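Have a look at the structure below before the remarks.
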Amino acid sequence: MYSVPTPNALWHIDGNHKLTRYRFVVHCCVDGYSRVIVYATLTDNNRADTVLELFIKGVQEFGLPSRVRSDHGLENVGVAKYMLENRGLNRGSIITGSSVHNCRVERAHKDVYAGVLCHFSYMFSGMEVMGLLDRLNEVHLFTLDFVYIPRINRALQHFISQWNNHTVSSEDQLSPLQIFASGILENMHSGYSGVESILHPNEIPLYGFDPDGPIPLDDDDYQVSIPAVDVRLTPQQQHILEVSCHPLNDDGFASRQLRILLVDGINNSYLLEITAKSAKLGRSVETLEMVHNKVVQHPGRGGVPQLHLASHHSPQMKATQSFFVLR
């Protein structure tokens, strides 16, 4: 049976790799005692510095845990070093092992996927089937990052809020946040801040392991590398893009139309830049003639997706036009 003495006695961290085909990873952290989700954040990489940054933000909000359990992935090296520096050596400050032993966060992965990620996974798959998304095209991946990372993280934040405040039947209908708060108050003078006195060194490998817990979603392939998207914009272009085409604005098509317009615009911009460089014009490109007809997704009769041509006078086109003026 799973058992840890207090809140912050043990945190479980791991990455959810269900969207790695689109170069996305969701990094998760769960407090073992209360089941509070400390963070669940989607990023475009699996680097140790990213995981450490998220972990430190969690520490700032919930306090420093006594111990952390993780798998053997190299993305956890930064957190391991941080824990060893702040909690000490030879006490199990960082416990590594199989994903099977990381039961609390494995359960969180299932809930996060069912509550948030599956919706976007089905959407991206549908875009691939319709030819609107090519996973081998860097521009397609760049626009996917720009449009959907903020949208997915917004959905994840809503999920975390709901999860941390839902009632747990086995805990007298208390929510994870209530369990966390009451556990802190009940043990504030108990001397459990480090829980060294109750943990024998021989118990460390199985500390926080529930033999009846869920089976991991993924195999124990710990070294997951997410290549960076190879699309570079000037600071001015990036600023105009963020101001003119905010990814959280609703275009009526869950941002699919906005992403398609961005793909077309960036592709045409690149072609013009390359032409100017090859001709050695020696001057900046001042304007870009936008393509008048853009292919966008539009629901047809009976909800069946169809393709039609949108005029360059449409509001969506005007909203993105300023981005494609290169200076």
Side-chain angles (χ1 to χ4, degrees), residues 1-16 25-41 43 46-109 160 164 176-177 179-211 213 216 220 222-223:
M1 180 183 237
Y2 185 93
S3 177
V4 294
T6 67
N8 286 346
L10 180 66
W11 282 7
H12 299 260
I13 64 173
D14 192 30
N16 187 315
V25 178
V26 177
H27 299 287
C28 296
C29 176
V30 178
D31 174 62
Y33 178 87
S34 63
R35 303 179 182 88
V36 160
I37 296 180
V38 179
Y39 59 79
T41 304
T43 70
N46 199 39
R47 299 195 307 266
D49 59 335
T50 299
V51 176
L52 177 59
E53 180 181 356
L54 294 173
F55 184 83
I56 291 176
K57 288 181 180 178
V59 169
Q60 292 170 348
E61 183 173 0
F62 290 96
L64 180 65
S66 175
R67 293 172 172 84
V68 173
R69 177 176 278 282
S70 73
D71 62 26
H72 298 287
L74 294 179
E75 71 274 11
N76 301 315
V77 168
V79 172
K81 181 179 178 182
Y82 182 88
M83 287 298 298
L84 292 173
E85 291 175 348
N86 287 277
R87 283 300 190 191
L89 305 174
N90 302 318
R91 58 176 296 280
S93 297
I94 181 75
I95 305 171
T96 57
S98 169
S99 295
V100 174
H101 292 169
N102 219 0
C103 51
R104 281 291 197 251
V105 75
E106 291 298 337
R107 171 57 193 265
H109 283 334
I160 292 172
N164 286 347
L177 280 177
I179 298 169
F180 186 92
S182 63
I184 292 292
L185 293 174
E186 291 170 3
N187 294 280
M188 60 188 305
H189 301 300
S190 66
Y192 278 154
S193 60
V195 296
E196 293 90 349
S197 61
I198 64 168
L199 187 64
H200 190 276
N202 292 337
E203 298 173 341
I204 287 177
L206 295 179
Y207 184 55
F209 167 52
D210 182 0
D220 287 349
Y222 301 119
Q223 314 312 330

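Only a predicted model underlies this, so the values are computations on that prediction, with no experimental measurement involved.
- Atom CG of Leu54 and atom OG1 of Thr43 lie 7.0 Å apart (nearest 0.5 Å).
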Quiz: residues 28-38 side-chain donor-acceptor pairs under 3.5 angstrom, not counting sequence neighbours:
{"from": "Asp31", "atom 1": "OD1", "to": "Asn8", "atom 2": "N", "distance (Å)": "2.9"}
{"from": "Asp31", "atom 1": "OD1", "to": "Trp11", "atom 2": "NE1", "distance (Å)": "3.4"}
{"from": "Asp31", "atom 1": "OD2", "to": "Ser34", "atom 2": "N", "distance (Å)": "3.0"}
{"from": "Asp31", "atom 1": "OD2", "to": "Ser34", "atom 2": "OG", "distance (Å)": "2.6"}
{"from": "Ser34", "atom 1": "OG", "to": "Val36", "atom 2": "N", "distance (Å)": "3.3"}

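- Interatomic distance, Arg87 CZ to Leu64 CG, rounded to the nearest 0.5 Å: 4.5 Å.
- When the ring pair (Phe, Tyr, Trp, His ring centres under 6.0 Å) test is applied to Tyr39, no partner is found at least two apart in sequence or on another chain.
- Lys81 meets the salt bridge (charged side-chain N to carboxylate O under 4.0 Å, His left out) test with no other residue; sequence neighbours excluded.
- Across all non-hydrogen atoms, the minimal contact from Ala80 to Ile94 is CB-CG1, 3.9 Å.
- For the pair Tyr82/Val68, no side-chain contact is recorded, criterion being any heavy-atom separation below 4.5 Å from C-beta on.
- Atom CD of Glu106 and atom CG of Asn16 lie 8.5 Å apart (nearest 0.5 Å).
- To the nearest 0.5 Å, atom CG of residue Asn102 and atom CZ of residue Arg69 are 6.5 Å apart.
- In this structure, Lys57 pairs ionically with Glu53, as a charged nitrogen and a carboxylate oxygen lie closer than 4.0 Å.
- Taking 4.5 Å as the limit, some side-chain heavy atom of Ser66 sits within range of a side-chain heavy atom of Arg91.
- Results of the side-chain contact (heavy atoms from CB on, under 4.5 Å) test with Ser70 over Ile13, Val77, Val51 single out Ile13 as the only residue that passes.
- Taken to the nearest 0.5 Å, the CG atom of Leu84 stands 5.5 Å off from the OG atom of Ser93.
- For the residue pair Val25 and Gly15, the shortest heavy atom distance occurs at CG1-CA, 4.3 Å.
- From His27, atom NE2 reaches atom CG of Asn76 across 9.0 Å, with rounding to the nearest 0.5 Å.
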Tyr2 and Leu10: CA distance, side-chain angles, deciding distance, side-chain contact (heavy atoms from CB on, under 4.5 Å) verdict: CA-CA 11 Å; Tyr2 185 93; Leu10 180 66; 4.1 Å; yes
